[in-house]
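Just the heavy atoms: all of them, side chains too, but no hydrogens, waters or symmetry mates, feed the values below. None of the values given here were measured: they were computed from a predicted structure. To find a chain, count down the sequence lines: A is the first, B the second, and so on, and within it residues start at 1.
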2 protein chains.
Amino acid sequence: MLTERQKQILKAIIEEYIVHAEPVGSRTISKREDIGYSAATIRNEMADLEELGFVEQPHTSAGRIPSQMGYRFYVDYLMGPQRLERADLFQVRELFTSQMDAVELTIQQTVSILSRLTNYTSIILGPEAIHNKLKHLQVIPLNERSAVAIVVSDNGHVDQRRFTVPDGVSLSSIEKLVNILNAKLSGVPLVRLKRNVYQELFAELDRHVEQYEFLLGVIDQMLAADTDGRIFTSGTTNILTQPEFNDVTQVKALMDLFEQTDTVTKLFATNDLGVHVRIGEENSIATVNNCSIVTASFSIDGRSLGTVGVLGPTRMDYNKVVSLMQVLTTDLSEHLRHLYK
Amino acid sequence: MLTERQKQILKAIIEEYIVHAEPVGSRTISKREDIGYSAATIRNEMADLEELGFVEQPHTSAGRIPSQMGYRFYVDYLMGPQRLERADLFQVRELFTSQMDAVELTIQQTVSILSRLTNYTSIILGPEAIHNKLKHLQVIPLNERSAVAIVVSDNGHVDQRRFTVPDGVSLSSIEKLVNILNAKLSGVPLVRLKRNVYQELFAELDRHVEQYEFLLGVIDQMLAADTDGRIFTSGTTNILTQPEFNDVTQVKALMDLFEQTDTVTKLFATNDLGVHVRIGEENSIATVNNCSIVTASFSIDGRSLGTVGVLGPTRMDYNKVVSLMQVLTTDLSEHLRHLYK
DNA sequence: GTTAGCACTCAGTGTTCACGAGTGCTAAAA
DNA sequence: TTTTAGCACTCGTGAACACTGAGTGCTAAC
């Protein structure tokens, strides 16, 4: 186990490195107000910390930089009491006291304020529309051959999809079908829509099977497209200001990663409540092995609705990010609870 | 005026530079099959071309690179007969023969194939939903306090917006209002919606002014948000592969530019039919002074619907891009004509 | 009018060198 | 026994310098 002094020094090294992004020397540490030891003493302790694997030396005669293990220890045990700057907290509170009707808008604003306050790239997954309940289903004909299907869910989310009416199916019969479905399926969770459509239709309309198959396909595609479009990002270019991303090829890899929705989902998804920090190689994807990802899910009544995430260099201001995320997910959950009513 | 040989040499210089991105020397040119002169001759002609301003020398003992004026001359007079690679043409044709119902999907696929085939960043503005006509207006109540307004236009585009019902306004009265509007305003272009709402309401419902003001606000916001969301991009990171963008700060400036919708609109908007090329400083915005932008609008019956654009380095494969754009806008216009019917 | 030859220029590369930040170790001080 | 001062050593950084080679401009010959 580390001695108190070692912890103190490790904490100082990490905090210096987070700010300046350069190897930290013994003199720098000894000059800090909270450290009362000479450079030589620090050097001895640093050598020990290196042997234990908490810090690394890029080359002989350079200062130390925290290792992945060092960051992990810092996040788990050393990080001070998490407190937000008054100004930051004010901005968050202001955001959520303002009137935001639409769920999408709320999310977009949240992710935007998160990236602005952290200067890292931020992302929100969800909330998953699939948990919503059907409020209204409607088909609006555009001409003889095509129409638009619209699904409104109880939280006000609207999905829509244009489709071409297949030969042999009249628009009026589709409308009749939709009316029946509306009457029967209002309040059904979207995820169960498919199964319930089956049940209702077999009971009531078994002679129109071909039409129902077709409409089902349209609805399916609509809901499938919806899970894709549920990623909100902001400040993607913020990582470019970090000195560790001077290399254009690395930047490109990262940017491209953000365009692959499935990878992003895999990278950020969590279901646990509370804030999670994944440092460097703890991330499964090689492109972000020199990045850290902080995630936290937001929820209503203990049920996770989606995930808020921040991506930055391993040298991330963990304290700030973690405390910001705590406040933000709490407030966001609360705000959404009002919207969902 | 340039002699035939000078034109031939200028063309060769530009085509070499487009491929290799490095100053072109006299020897390189003289070794080309289509040039039958020695390096010394080329050198003399190059000196003349430089004096005339068509090429530049980064430093005394380097080869020549085309100047902005050189590119302009190339685009206007030298670029050979535009012909697409068979494989590229095939991909475009295949895209448009496939069934694509939704306008949005068509546009997204088009912009995506454009960036894939050119390896530059591509963008599509429009089509402007504001020209569409109202097909159906609907308000779906979610609970006592909030509802979703949905506007469906004749091309199948759906706008939607959630709103909170103000105190003193009952949902049922809103519904009544919407029914009247639907009956009266179907087929009215969205851009005229506001004015016509006034007329209809004053004629029929002048006692419910406060409700109408409110709903009008919702519709207005909806249509306003719509003009923002009409930018489709693809391959934003493609510029990162170009050697002239090794500088991270430049990349960031460009990326950030793409997130400002109004700037992007200003940069790419054209109403003229036909392909336009803006080279380097011909672009109004300083960030893209070392880029070229090729735009072309797509249209139905001579009326411009929107703009397709490609952004790349001034050293762009103009021939390929221009010919691709010609084919693409023609096919896109045709396809949209079918969709709008 | 065209080309071969030659002197000249200059970015890029590699080498050397001095500098300084930082270390590890030893011995003295507390 | 713990802490600190001192000193030799390491190694990255940046400046100075020479060398190389691609490319030019000019002149004279074809």
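Taking a 4.0 Å limit (strictly below) on heavy-atom distances, residues 51-68 of chain A reaches DNA chain C at A/Q57, A/S61, A/A62, A/G63, A/R64. For the segment residues 19-41 of chain A, the set of residues with a heavy atom within less than 4.0 Å of an atom of DNA chain D comprises A/Y37, A/S38, A/A40, A/T41, in numerical order.
Whole-Å rounding puts the A/E45 CD to C/dC25 C1' distance at 16 Å. In this structure, B/N44 places its CG atom 9 Å from C1' of D/dC26, rounding to the nearest Å. The distance from atom CZ of A/R43 to atom C1' of D/dT3 is 12 Å, rounded to the nearest whole Å. Between the CG atom of A/L49 and the C1' atom of C/dG24 there is a distance of 16 Å, given to the nearest Å. Spacing between atom CD of A/E50 and atom P of C/dC25 amounts to 12 Å, rounded to whole angstrom units. A straight line from CD1 of A/I42 to P of C/dC25 spans 17 Å, rounded to a whole angstrom.
With hydrogens and angles left out, the side-chain atoms of B/T249 and B/D247 include a donor and acceptor closer than 3.5 Å.
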* Asked: For A/V92 and A/L117, what are the C-alpha separation, side-chain angles and deciding distance, and is it a side chain to side chain contact (heavy atoms under 4.5 Å, CB included)?
  -> CA-CA 9 Å; A/V92 174; A/L117 292 183; 4.0 Å; yes

* To do: Show the numbers, then the answer: is there a side chain to side chain contact (heavy atoms under 4.5 Å, CB included) between A/L78 and A/F73?
  => CA-CA 7 Å; A/L78 299 181; A/F73 190 81; 3.7 Å; yes

* Take A/Y77 and A/K7 through the test side chain to side chain contact (heavy atoms under 4.5 Å, CB included) and record every step on the way to the result. => CA-CA 9 Å; A/Y77 305 110; A/K7 288 183 193 170; over 6 Å; no

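In this structure, the side chain of A/Q57 engages the main chain of A/A62 through a donor-acceptor pair within 3.5 Å. The main-chain N or O of B/L240 is never found under 3.5 Å from a side-chain atom of B/T237 such that the two would form a donor-acceptor pair.
A pairwise comparison of heavy atoms in A/S30 and A/I42 identifies CB-CG1, 4.0 Å as the closest pair.
A/D34 and A/K11 are not joined by a salt bridge, as no carboxylate oxygen comes within less than 4.0 angstrom of a charged side-chain nitrogen.
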